[in-house]
Structures are given as structure tokens and as C-alpha cells.
A.B. asks: 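Submitted below is the structure of interest, expressed as C-alpha cells.
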Amino acid sequence: MSNTASLRPEPVASEHIPLKARNVAFDWADTPLHWIPGDPATTHTINVLHLLLPAGERWFVHVYKQVLPYVRDARLREDVIGFIGQEAMHSQAHDGVLPHLRAQGLDPTPYTAQVDWFFEKLLGDRTLPPGRARKWWLLERVALIAAIEHYTAFLGDWVLNAGALDARGADPTMLDLLRWHGAEEVEHRSVAFDLFVHLDGGYRRRVRTWATAFTALVFLWQRGIRFFMENDPTLIDGKASFREFLRAGRQGVLPTAGAMTRSIPQYLSRTYHPSRYGSTAQAAAYLAGSPAATAAESRTPGGA
């Protein structure tokens with residue numbers, strides 16, 4: 001146990017908001033395979049989210065349900081429960097894109113089977129004796145989730161501000177899915193880190209699990225891009241390339257390599273807190289006008 005918690009700044013109070021799950025639904029009937037017109041490489045770079053997130057966020061929920069009995073702070077417990085609800089809905093929403101991909105001739109099953117193995121087996125529950133070993137593995141996974149959530153919040157903030165996607169004529173339904181999800185990631189961006197600090201907060205564990213999470217995300221993402229490009233039925237000899245990634249970053253339709261690099265020392269700073277990055281007000285404003293989120297609100301008893 002370290003004194004990391006005493007070194008980090010206090011959360012920005014105005015950035016805290018009660019969390020709720022929104023029961024969204026999306027109609028993919030009019031969404032083309034290349035939903036960023038004329039740019040299959042960028043489309044498929046973002047499409048990897050649909051393959052990673054269903055299994056990943058089911059894993060988040062599974063781990064956090066195990067963690068709840070250890071949460072001693074009442075407000076944090078409510079935040080964790082809200083986080084669980086939102087992540088479960090994110091998983092379902094992205095899972096709903098997969099039948100649409102299959103209908104367009106791109107079956108993601110070979111790749112999603114690998115992702116399922118990664119989260120369910122490699123990072124899943126282990127047969128460990130009760131006590132110290134079992135608690136250690138639970139805390140490792142809590143720290144991994146905190147590191148991953150740093151990047152989901154980074155991507156959420158990016159997509160809320162990625163006006164280049166609109167300028168390029170990106171499909172509005174897909175943009176709403178990405179921005180609804182991104183806004184909720186910004187809303188709950190502090191929960192995973194606060195939970196990690198509440199249960200442990202050790203700086204060595206934070207660095208170690210960040211390295212594991214970052215390496216795994218890069219590995220899985222580049223494999224996912226290659227899978228999409230090689231299996232896209234409309235492409236002849238489709239190839240993924242780092243040059244395409246850099247080009248898309250310069251054009252604003254993907255995050256830049258520089259912005260992603262700068263996110264690393266942010267998380268590794270001993271004074272890091274997620275509430276200092278991103279805007280809850282911006283996220284709430286998007287959710288107030290999101291077609292999917294407002295439709296979900298109207299379906300809720302007592303909703304607007």
C-alpha cells in the first residue's frame with residue numbers, strides 16, 4: 001500500500017454527476033459498411049470498438065459486481081452501481097452492430113472469439129484459494145480497468161469534439177452511437193480510478209497495470225484493424241498501415257499520435273485525477289440532444 005491517495009489532487013467537484021443507464025436503441029438499416037464515405041481504413045479503425053467493447057465491458061461489469069462488497073464509501077458505491085449499468089448498456093449497443101456487419105458480408109466471429117478468450121479466460125476468474133491470492137487478482141483487475149478507462153475517457157472526449165467526422169459526412173446513426181457512448185465515458189471517467197484508489201491506490205500497481213493495459217489495447221486494436229481490412233468484401237487486397245492512421249489523425253477523423261502519446265504521462269503522474277480531463281458539462285449537453293439518449297429518456301416512466 002502506498003500513500004498515492006494523499007499525493008493526488010482532490011477531484012474537481014463540479015465534474016461529478018449522478019450516473020444512470022440509458023436504454024438506447026439504434027437502427028442500422030441505412031448505415032453503409034464504410035460509414036465514413038470513401039475512407040474504409042478510418043471506418044474500420046473505429047469499427048474495432050464494436051468487436052472489443054462487448055466482451056470488455058461485460059468483463060468490467062463482472063469484476064465490479066465482485067468488488068461491490070469491498071466498497072465502504074456510500075457515494076462511491078452509488079457511482080459504481082451507475083457505472084455497471086452504463087457499461088452493460090454500452091456492451092449491448094455495440095453488440096447490436098455485429099449482425100449489421102454480418103449482413104454486409106463481414107463476419108466478425110473469428111476476431112470476437114479471440115477477444116472473448118482474452119477477457120473471459122486470460123483476465124477471467126481464476127481458481128485461487130480464498131484470501132490473499134484471490135484478493136490480489138481482484139485488485140489487479142480493478143487497476144487494469146482504471147487504466148483502460150483512462151483511454152475510453154480520452155476517446156470519449158475526442159469523439160465529442162471530432163467535428164471532422166461531421167464534415168466528412170459520417171453516418172449520423174453511427175456518430176450518435178459513438179458520441180452517446182463517449183459522453184457517458186466522460187460522465188463516469190473518475191469512477192474506475194476512484195475505486196482503484198479506494199481499494200488500493202498503489203503507484204507501482206498503477207504503473208504495472210497501465211503497461212499491461214496499454215500493450216494489450218495496442219495489440220488487440222491493430223489486429224482488429226488488420227482483420228477488418230483483410231476481410232472487407234468490398235476491398236481488393238485490403239491492408240492496414242500506420243501511415244493511414246497518421247493521415248487520419250492529421251485530418252481529424254482519428255486522434256493524433258501526439259495526443260495519444262501525451263495521454264501517457266497524464267495517467268502516470270502521481271497527481272493524476274480523471275476529473276481534470278474532459279468536460280462533464282459538454283457530455284451532459286450532448287446527451288440532452290442525442291437522438292438515442294432522448295428516445296431512451298422518453299421510454300422511461302416519468303421521462304421527458
Side-chain angles (χ1 to χ4, degrees), residues 15 19 24 26 35-36 39 41-57 59-60 83 86-87 89-91 93-95 97 115 119 144-166 168 170-171 174-193 210 213-225 228 244-246 248-268 272 274-280 282-287 290 292-293:
E15 294 300 311
L19 303 175
V24 298
F26 299 91
W35 52 266
I36 302 174
D39 196 344
T42 303
T43 295
H44 290 324
T45 299
I46 299 175
N47 275 345
V48 176
L49 286 168
H50 308 312
L51 309 189
L52 287 177
L53 291 177
E57 293 184 309
W59 176 72
F60 290 2
F83 179 98
Q86 288 190 340
E87 294 293 336
M89 197 64 238
H90 297 169
S91 176
H94 286 277
D95 219 12
V97 181
V115 175
F119 285 106
L144 278 169
I145 293 171
I148 294 169
E149 281 289 299
H150 173 62
Y151 288 101
T152 59
F154 168 84
L155 291 173
D157 182 60
W158 172 78
V159 78
L160 286 173
N161 293 285
L165 289 171
D166 303 89
R168 288 284 296 274
D171 177 72
M174 186 63 75
L175 277 184
D176 190 36
L177 167 65
L178 296 172
R179 286 175 173 157
W180 155 76
H181 184 172
E184 291 198 343
E185 291 297 330
V186 171
E187 266 194 331
H188 71 225
R189 67 193 183 278
S190 296
V191 176
F193 187 77
W210 167 82
F214 184 79
T215 302
L217 286 172
V218 171
F219 174 75
L220 290 170
W221 214 299
Q222 58 86 22
R223 280 182 65 88
I225 299 167
F228 269 121
E244 282 292 301
F245 171 77
L246 293 176
R250 288 193 300 270
Q251 294 178 353
V253 290
L254 284 179
T256 65
M260 295 180 70
T261 301
R262 288 191 295 274
S263 73
I264 296 172
Q266 289 174 3
Y267 188 73
L268 297 181
Y272 167 81
S275 63
R276 294 176 174 256
Y277 304 95
S279 167
T280 299
Q282 182 186 31
Y286 181 79
L287 291 166
S290 159

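Predicted, not measured: the structure shown is a model, and the values here were computed from it. All values below were derived from every heavy atom in this structure, side-chain atoms included, with hydrogens, water molecules and symmetry-related copies excluded. In this chain, numbering begins with 1 at the start of the sequence shown.
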A.B. asks: Could you pull out the closest heavy-atom pair between Leu160 and Ala283, with the gap in Å?
C.D. replies: CD1-CA, 4.2 Å
A.B. asks: Looking at every non-hydrogen atom in both residues, tell me the closest pair between Gly224 and Val48 and how far apart they are.
C.D. replies: C-CG2, 3.6 Å
A.B. asks: Can you measure from CD (Glu185) to CG (Leu155) and round to the nearest 0.5 angstrom?
C.D. replies: 9.0 Å
A.B. asks: Roughly how far, to the nearest 0.5 Å, is CD of Glu87 from NE2 of His181?
C.D. replies: 5.5 Å
A.B. asks: If I compare all heavy atoms of Ile46 with all of Val253, which pair ends up nearest, and what's the gap?
C.D. replies: CD1-O, 3.9 Å
A.B. asks: Of Glu149, His150, Glu15, which is the lone residue that meets side chain to side chain contact (heavy atoms under 4.5 Å, CB included) with Arg189?
C.D. replies: Glu15
A.B. asks: Compile the donor-acceptor pairs under 3.5 Å between side chains in residues 258-267 and protein atoms, sequence neighbours left out, one pair per line.
C.D. replies:
residue: Thr261; atom: OG1; partner: Ala257; partner atom: O; Å: 2.8
residue: Ser263; atom: OG; partner: Met260; partner atom: O; Å: 2.5
residue: Tyr267; atom: OH; partner: Ala147; partner atom: N; Å: 3.4

A.B. asks: Considering only heavy atoms from C-beta outward, does the side chain of Ile36 approach that of Met174 to under 4.5 Å?
C.D. replies: no
A.B. asks: Enter the distance from His90:NE2 to Glu184:CD here, rounded to the nearest 0.5 Å.
C.D. replies: 3.5 Å
A.B. asks: Can you confirm whether Phe60 sits close enough to Leu144 that some side-chain heavy atom of one is under 4.5 Å from a side-chain heavy atom of the other?
C.D. replies: no
A.B. asks: Between Val97 and Leu177, what is the shortest heavy-atom contact and its length?
C.D. replies: CG2-CD2, 3.9 Å
A.B. asks: To the nearest 0.5 Å, how far apart are CG in Leu52 and OG1 in Thr152?
C.D. replies: 12.0 Å
A.B. asks: Would you find a donor on one side and an acceptor on the other, under 3.5 Å apart, between the side chain of Glu57 and the backbone of Pro54?
C.D. replies: no
A.B. asks: Donor-acceptor pair, distance only, cut-off 3.5 Å: does the side chain of Thr45 make one with the backbone of Ala41?
C.D. replies: yes
A.B. asks: Dump the intermediate steps for side chain to side chain donor-acceptor pair (under 3.5 Å) on Gln251 and Asp39, then the final yes or no.
C.D. replies: CA-CA 12 Å; Gln251 294 178 353; Asp39 196 344; over 6 Å; no
A.B. asks: With side chain to side chain contact (heavy atoms under 4.5 Å, CB included) as the test, would you mind laying out the steps for Leu51 and Phe228 before giving the verdict?
C.D. replies: CA-CA 10 Å; Leu51 309 189; Phe228 269 121; 3.5 Å; yes
A.B. asks: When rounded to the nearest 0.5 angstrom, what is the spacing between CD1 in Ile225 and CZ in Phe245?
C.D. replies: 8.0 Å
A.B. asks: Give the ring-plane orientation class for Phe193 versus Tyr272, where under 30° counts as parallel, over 60° as perpendicular and anything between as tilted.
C.D. replies: perpendicular
A.B. asks: For the side chain to side chain donor-acceptor pair (under 3.5 Å) test, which of Asp171, Thr43, Asn47 pairs with Trp35?
C.D. replies: Asn47
A.B. asks: I'd like to know if the side chain of Ser190 reaches the main chain of Pro274, judged simply by a donor and an acceptor atom lying under 3.5 Å from each other, with no hydrogens or angles considered.
C.D. replies: no
A.B. asks: Find out whether Tyr286 and Val159 are in side-chain contact, i.e. whether some heavy atom of one side chain is under 4.5 Å from a heavy atom of the other.
C.D. replies: no
A.B. asks: Could you walk me through whether Leu19 and Gln86 satisfy the side chain to side chain contact (heavy atoms under 4.5 Å, CB included) test, starting with their C-alpha distance in whole Å, then the side-chain angles of each, then the deciding distance to 0.1 Å, before giving a yes or no?
C.D. replies: CA-CA 8 Å; Leu19 303 175; Gln86 288 190 340; 4.2 Å; yes
A.B. asks: Relative to the ring of Trp210, is the ring of Phe214 parallel (under 30°), tilted (30 to 60°) or perpendicular (over 60°)?
C.D. replies: parallel
A.B. asks: Who passes side-chain hydrogen bond (donor to acceptor under 3.5 Å, both in side chains) against Trp158, sequence neighbours left out?
C.D. replies: none
A.B. asks: Looking only at non-hydrogen atoms, find the nearest pair between Ala213 and Ile148 and report the distance.
C.D. replies: CB-CG1, 3.9 Å
A.B. asks: Looking at Phe26 and Asp176, what are the two nearest heavy atoms and their distance?
C.D. replies: CE2-OD2, 3.8 Å
